[in-house]
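Notes for the one structure printed next.
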Amino acid sequence: MASSRGNKLKDIWCKTSMDREKEGKGIGGLVVSKLDPVEKISSDLCVIKFCRHDKCSRHGFLSTLGLSADEMVVLSGERPVVIALCTAIISRVTETTLDLIVESDSLPRLTTSDLVLRVDKYEGYNTTGLLYTNLARLMSDDGHSQKLRDLIINRTKPRFANTMSKGCIEKVKHIFKPLNKPQKTAILKVLMSQDYVLIRGYPGTGKTSTIVALVRVLQTLGRTVLLTSYTHSAVDNILLKLKKEGLKFLRLGRLSRIHPDIREFSAEKRTLDCSSVSELREFYKSQTIVATSCLGTTHPVFNQRKFDVCIIDEASQIVQPACLGPLFSAGNFVLVGDPKQLPPVVQSKDARSLGMDVSLFAHLDGVGATYELNLQYRMNSAIMELSNVLTYGGALKCGMESIATAKLQTPNIESVTHISENHPWIDGVLSPDAQPALFLDTYQTPAPESRNSSGLVQNEGEARLVHIILKCLIKAGVSSKEVGVIAPYRNQVMLIKQLLHGNNKSEISQVEVNTVDQYQGRDKSVIIISLVRSSREINNKEEELLKDIRRLNVAITRAKHKLILLGDRQTLTQYSPLKTIISTLDKKQAISFECVPSC
Ligand SMILES: Nc1ncnc2c1ncn2[C@@H]1O[C@H](COP(=O)(O)OP(=O)(O)OP(=O)(O)O)[C@@H](O)[C@H]1O
């Protein structure tokens with residue numbers, strides 16, 4: 001079903017109107033009728049009468065071509081080609097005319113002289129259809145699309161105003177107070193921007209806090225804001241903080257996808273008092289902060305109005321055609337992300353090799369509008385150092401001394417003593433003077449990788465070791481909510497979960513076990529990473545995950561106070577990112593030692 005719907009949508013782009021007509025799915029060669037072409041039926045809607053173009057070679061009655069009253073259609077230009085000018089409802093089809101109900105705002109686009117049109121049955125949009133629409137809009141003739149083409153395709157240098165008025169700065173001074181210098185600079189640059197700004201936020205550097213401050217600043221200065229991200233949870237993550245700051249906003253999207261604490265701001269709830277179309281229109285026009293997902297920009301409000309600034313969070317994880325959607329609705333845009341963390345998820349290797357996983361952020365990075373947030377408030381200095389060696393070359397810095405020196409708190413460490421008698425290595429992991437970042441080498445341990453019945457790789461020895469470490473951490477007084485386990489392979493995640501969930505009520509079963517992708521944007525006091533591979537055998541797909549610097553960077557930067565990497569040094573040092581990490585830990589005597597999972 002899904003694929004047939006997708007194919008039908010593709011047909012609007014790929015099939016001629018003649019072909020669509022033969023299938024009963026469209027009519028081409030249409031022009032606005034010269035006789036009574038437009039009838040106004042309300043303040044917002046009108047009926048436009050279409051007929052065949054004089055020179056159209058197709059004959060036969062329009063009423064026999066398969067389209068009928070009340071059906072929804074997409075109107076496009078056939079000559080010149082302009083895909084998806086607007087949607088319309090068929091009001092009447094006669095032998096020679098087709099009457100369509102359209103929003104009055106669309107009228108100027110449809111009544112352009114010499115425009116020959118086609119209509120296609122609207123069969124619902126899926127994501128792919130929307131992505132194609134965004135690309136088609138980028139190619140359209142209007143000034144805004146042309147500006148976006150210049151900036152995105154030609155990578156024209158974005159423009160900035162030279163100064164900002166003192167009055168403006170005075171008005172927002174109080175919002176700037178708690179921010180650090182890079183955060184302030186980034187916001188000032190947005191205020192001076194005439195095209196776009198990229199805010200590259202390293203892990204834990206306060207991207208969300210900066211967005212929240214930026215929205216407050218823009219609102220104080222009377223500018224309108226469109227706030228988006230690819231996922232609903234990322235949008236609501238910021239909205240929850242805006243709500244805390246006492247800001248009012250409009251959240252578009254299906255109620256079921258909106259965080260329960262944000263639903264009071266949904267369009268559904270906030271328009272309850274509107275009793276006419278014009279009241280609704282006024283309501284939507286008056287909102288200064290509107291938030292939705294990137295795919296939610298199909299809402300009619302985006303045809304009616306533009307925003308001063310569009311902010312897209314987690315932009316380095318969004319494929320370009322999806323990221324484009326909100327940009328058509330704002331004069332200026334801000335992308336927030338970090339191309340050195342997870343890229344957009346693109347399953348197809350061919351698509352990746354053609355650049356589908358290059359986000360708009362990564363594409364525009366380096367053109368001259370990137371501002372960095374590099375002061376982080378998450379990791380202690382030992383963990384941060386690993387990320388610097390792997391990725392940031394020393395640019396990542398601690399925002400506060402107390403963060404740099406923070407240690408894992410283990411108030412009941414004495415109760416672990418009897419376990420560490422059997423497992424002396426536990427002392428090296430958990431004692432108060434143990435290193436904050438560790439690599440446990442399982443090379444001489446019974447921890448070989450194996451395959452489950454479906455051939456997926458796993459490592460039972462490592463899973464048992466994770467279990468022992470977790471038991472000790474919890475006994476030592478660390479809350480299970482503050483510990484996270486990461487594995488690169490889903491099967492290992494399952495295996496560890498099964499081991500922990502033996503007793504559903506135990507605290508250990510509350511520990512979160514997941515792949516890296518599920519952890520982006522979050523942190524835990526302790527992170528244990530089970531690296532699984534312990535073999536020279538090569539499997540390309542499995543290798544890809546271990547070679548991926550960005551994935552490893554995200555995994556290690558989730559830990560605030562303690563990071564424990566678990567794996568077979570001989571195997572893992574074949575992969576250059578892991579080799580870098582393991583040799584950095586060696587240099588610092590932050591140990592690589594043998595452990596025996598005998599319990
Ligand atoms: N200027 C600042 N001074 C002190 N603390 C700050 C500052 N900016 C952010 N923080 C703190 O840093 C922590 C991380 O902030 P935030 O959640 O905004 O980061 P983030 O960059 O969105 O994180 P992620 O890397 O997970 O996306 C929060 O506890 C926040 O209060």
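Start at 1 and go down the list; that is how both ligands and their atoms are numbered. Owing to the predicted nature of the structure, the values given are computational and were not obtained by experimental measurement.
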Any side-chain heavy atom of I581 within less than 4.5 Å of one from V389? no
Within the 4.0 Å heavy-atom cut-off, what Q376 brings close to ligand 1 is neither
Should you measure from each heavy atom of T205, which atoms of ligand 1 turn up under 4.0 Å away? 21 (O)
Minimum-distance protein heavy atom relative to atom 26 (O) of ligand 1: R378 NH2, 2.5 Å
K243 to F265 six-membered ring, cation-pi geometry met (6.0 Å, 45°): no
Between P203 and ligand 1, is there a nitrogen or oxygen pair with a distance under 3.5 Å? no
Hey, are S193 and N332 close enough side-chain-wise for a donor-acceptor pair under 3.5 Å? yes
Distance alone, cut at 3.5 Å: any donor-acceptor contact between the side chains of H561 and R378? no
Going through the distances and angles, do Y202 and Y392 end up as a ring-ring contact (aromatic ring centres under 6.0 Å, His included)? CA-CA 9 Å; Y202 297 162; Y392 299 113; 4.2 Å; yes
Scan the protein's non-hydrogen atoms and note whether one is under 4.0 Å from atom 9 (C) of ligand 1. yes
closest protein heavy atom to atom 25 (O) of ligand 1 is G204 N, 2.8 Å
At a 4.0 Å threshold, what atoms of ligand 1 neighbour a non-hydrogen atom of K207? 18 (O), 19 (O), 20 (P), 21 (O), 22 (O), 24 (P), 25 (O), 27 (O)
Measure across V493 and V513 and return the closest heavy-atom pair with its distance rounded to 0.1 Å. CG1-O, 3.7 Å
Given T210, which of V190, V336, I187 fulfils the side-chain contact (heavy atoms from CB on, under 4.5 Å) condition? I187
Distance from atom 22 (O) of ligand 1 to nearest protein heavy atom, with residue and atom: T208 OG1, 2.6 Å
Could you report the tightest heavy-atom contact between G399 and L375, atom names first, then the distance? CA-CB, 4.1 Å
Regarding ligand 1, does G206 bring an N or O atom to under 3.5 Å of one of the ligand's N or O atoms? yes
At what distance is the nearest protein heavy atom to atom 4 (C) of ligand 1, and which residue and atom is it? Y377 CE2, 3.3 Å
Closer than 4.0 angstrom: is that true for some heavy atom of G399 and an atom of ligand 1? no
Quick one: nearest non-hydrogen protein atom to atom 1 (N) of ligand 1, plus distance? Q183 OE1, 2.9 Å
How about atom 31 (O) of ligand 1: does it have a protein heavy atom within less than 4.0 Å? no
First locate atom CG of L239, then atom CD of E245, and finally report the distance between them rounded to the nearest 0.5 Å. 12.5 Å
Exercise check, heavy-atom protein proximity under 4.0 Å to atom 15 (O) of ligand 1: yes
So if I count the atoms of ligand 1 from 1 in the order they appear, which ones are less than 4.0 Å from some heavy atom of K241? 17 (O)
Close-contact set for ligand 1 against N180 heavy atoms, below 4.0 Å: 1 (N)
Cation-pi geometry met for R137 and F328 (6.0 Å, 45°): yes
Plane angle bin for F307 and F302 - parallel if under 30°, tilted between 30 and 60°, otherwise perpendicular: tilted
What protein heavy atom sits nearest atom 28 (C) of ligand 1, and how far away is it? S209 OG, 4.9 Å
Of all the heavy atoms in P178, does at least one lie under 4.0 Å from an atom in ligand 1? yes
